[in-house]
Visitor: 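Starting off with a structure, shown below.
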There are 2 protein chains.
Amino acid sequence: MTGPKEKVADLPPAGPALQLDRFIPYRLSVLTNTVSMVIAGAYEREFGLSIPQWRVMAVLARYPDLSAVEVAERTAMDKVAVSRAIQGLLDEKRVLRAFDKGDRRRSILRLSAAGQAVYTRVAPMALRYEAELLSALSPSDQRTLDRLLTRLMEQAKSMQASRDV
Amino acid sequence: MTGPKEKVADLPPAGPALQLDRFIPYRLSVLTNTVSMVIAGAYEREFGLSIPQWRVMAVLARYPDLSAVEVAERTAMDKVAVSRAIQGLLDEKRVLRAFDKGDRRRSILRLSAAGQAVYTRVAPMALRYEAELLSALSPSDQRTLDRLLTRLMEQAKSMQASRDV
DNA sequence: GGAATATAGTTTCAATTGTAACCATTGGTT
DNA sequence: AACCAATGGTTACAATTGAAACTATATTCC
């Protein structure tokens, strides 16, 4: 009797159970990359805009006169990425920068007229891409997606936080 | 009468309607980055493994004796990324490489015993991270997520295809 | 008032990644 | 057989990104 029926150390043979194309983090990554490439290509082609630059413009359109760190908070970018994006936008005169009178380290950023003009053209394009992506889902599934993303983001943040204690 | 009721060119004033933190591509990107950082940090810390290397190992564990291009197809990586990942895995002797007799360009890749040993430890860890992430969702929501990701991925691919006609 | 400490933002340098060019080999065509 | 296009894979170079160091200003606290 070579195969005892009760539990002994019959370890599974080096481990299926993990199939990459069923693995959620992998699928998220591939989906995000695909979507980003499509959209980034369009921004770049049409407006010479990188994704970081687009993000900065999007928050400044809605919240003028933020400082760079405030932009960083609202875009989930680190301050170096924000600094570089802003540098590019300043070069192209799409953003105006002043400095706070009371605290001369703080910058005060807003879209220039040219920046506004660009933004009014990029934003609808962005929304069209989003709509096209979501058109694969029913309205009800779209609401569900929204909810799931919120929950997953919360959970991911908590996993991150528990890591770097 | 300054505001005619019928349609004239009353364009919306430079465009809210887009709020970055409600924009699905942005949210996908932030979620993916957060998840990837948590997991990549663990792989690196515990096994000195990059995400591309982990992906290559995952497919070789399941499908031994693939060539590099076949690995690339199954990991959604381009062939340069695969080449580099394999180079690293060869250096650490976690992967063995032979060459096809009939076609001497084709490599034949498989995990070494050491590679298998690493894999049997990484895979459960990966699954634990996935489970922890998904634990924020009910089982029913988990199934829904699976379905939504599949649909969205299909749609994203079709958007990509229609771009580079 | 003057150290020490913290914050805003930029610069620098190294590591990662993407694109294109590049061998080597194979398959097809004449 | 000799050429030419296609394929597998690597190399080289440029662009992007990340981490740490740095400058300048502001704040704290003795």
Side-chain angles (χ1 to χ4, degrees), chain A residues 29-30 32-34 36-41 43-45 48-56 59-60 65-91 95-110 160 164, chain B residues 29-30 32-34 36-41 43-45 48-56 59-60 65-91 95-110 160 164:
Chain A
S29 168
V30 175
T32 297
N33 287 343
T34 305
S36 291
M37 282 188 58
V38 170
I39 297 187
Y43 293 168
E44 170 60 42
R45 198 170 343 101
L49 217 54
S50 70
I51 293 234
Q53 288 177 341
W54 145 252
R55 287 187 182 179
V56 169
V59 312
L60 290 181
D65 297 338
L66 295 184
S67 72
V69 287
E70 287 163 344
V71 169
E73 285 159 12
R74 286 181 185 275
T75 53
M77 293 161 60
D78 71 275
K79 63 179 185 169
V80 177
V82 170
S83 172
R84 296 200 256 239
I86 289 175
Q87 193 51 58
L89 292 169
L90 286 172
D91 291 348
V95 161
L96 302 175
R97 177 168 61 183
F99 289 91
D100 190 290
K101 285 294 179 194
D103 182 345
R104 300 197 331 268
R105 295 169 306 177
R106 286 176 77 86
S107 56
I108 299 177
L109 303 161
R110 60 164 64 201
Q160 189 177 46
D164 46 54
Chain B
S29 168
V30 175
T32 296
N33 287 343
T34 306
S36 290
M37 282 188 59
V38 170
I39 297 187
Y43 292 169
E44 170 60 42
R45 196 169 347 99
L49 216 55
S50 69
I51 294 234
Q53 288 178 341
W54 145 252
R55 287 186 182 179
V56 169
V59 311
L60 290 181
D65 298 338
L66 295 184
S67 70
V69 286
E70 287 162 346
V71 169
E73 285 160 13
R74 287 182 185 275
T75 53
M77 293 161 61
D78 71 279
K79 62 180 186 168
V80 176
V82 170
S83 173
R84 296 200 257 239
I86 290 174
Q87 193 51 58
L89 292 169
L90 287 171
D91 292 348
V95 161
L96 302 174
R97 177 168 60 182
F99 290 90
D100 189 291
K101 286 294 178 194
D103 181 346
R104 300 195 334 267
R105 295 168 305 177
R106 286 177 75 87
S107 55
I108 299 177
L109 302 162
R110 60 164 64 202
Q160 189 177 43
D164 46 54

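Sequence lines set the chain letters: A, B, ... in the order given, protein chains first and strands last, and positions in each chain run from 1.
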Visitor: Is there a side-chain contact between D65(A) and R110(A) in this structure, where contact means two heavy atoms from C-beta onward sitting under 4.5 Å apart?
Guide: yes

Visitor: Under 4.0 Å, heavy atoms only, any strand: does V82(A) hit a base, just the sugar-phosphate, or nothing?
Guide: nothing

Visitor: Going by modelled atom types, is there a donor-acceptor pair between the base of dT7(C) and the side chain of R105(A) at under 3.5 Å?
Guide: yes

Visitor: Could you tell me whether S50(A) contacts a base, only the sugar-phosphate backbone, or nothing, with contacts defined as non-hydrogen atoms closer than 4.0 Å?
Guide: nothing

Visitor: Out of dA26(D), dT26(C), dG18(D), which has the shortest distance to the side chain of R104(B)?
Guide: dT26(C)

Visitor: What closest approach, in Å, do G88(B) and Q53(B) show between heavy atoms, and which atom pair accounts for it?
Guide: CA-NE2, 3.6 Å

Visitor: Specify the separation, in whole Å, of atom CZ of R84(A) and atom P of dT17(D).
Guide: 8 Å

Visitor: From dA8(C), dG9(D), dT19(C), pick the nucleotide closest to the side chain of D78(B)?
Guide: dT19(C)

Visitor: Determine whether R84(A) and M77(A) make a side-chain contact, defined as any pair of heavy atoms from C-beta on separated by less than 4.5 Å.
Guide: no

Visitor: With a cut-off of less than 4.0 Å, is there a side-chain N or O of S83(A) near OP1 or OP2 of dG9(C)?
Guide: no

Visitor: Give a yes or no on whether the backbone of K79(A) and the side-chain of S83(A) come within a donor-acceptor separation of less than 3.5 Å.
Guide: no

Visitor: Taking any heavy-atom pair under 4.0 Å as a contact, classify V69(A): base, sugar-phosphate, or nothing.
Guide: sugar-phosphate

Visitor: Using atom NZ of K79(B) as one end and atom P of dA6(D) as the other, report the distance to the nearest whole Å.
Guide: 14 Å

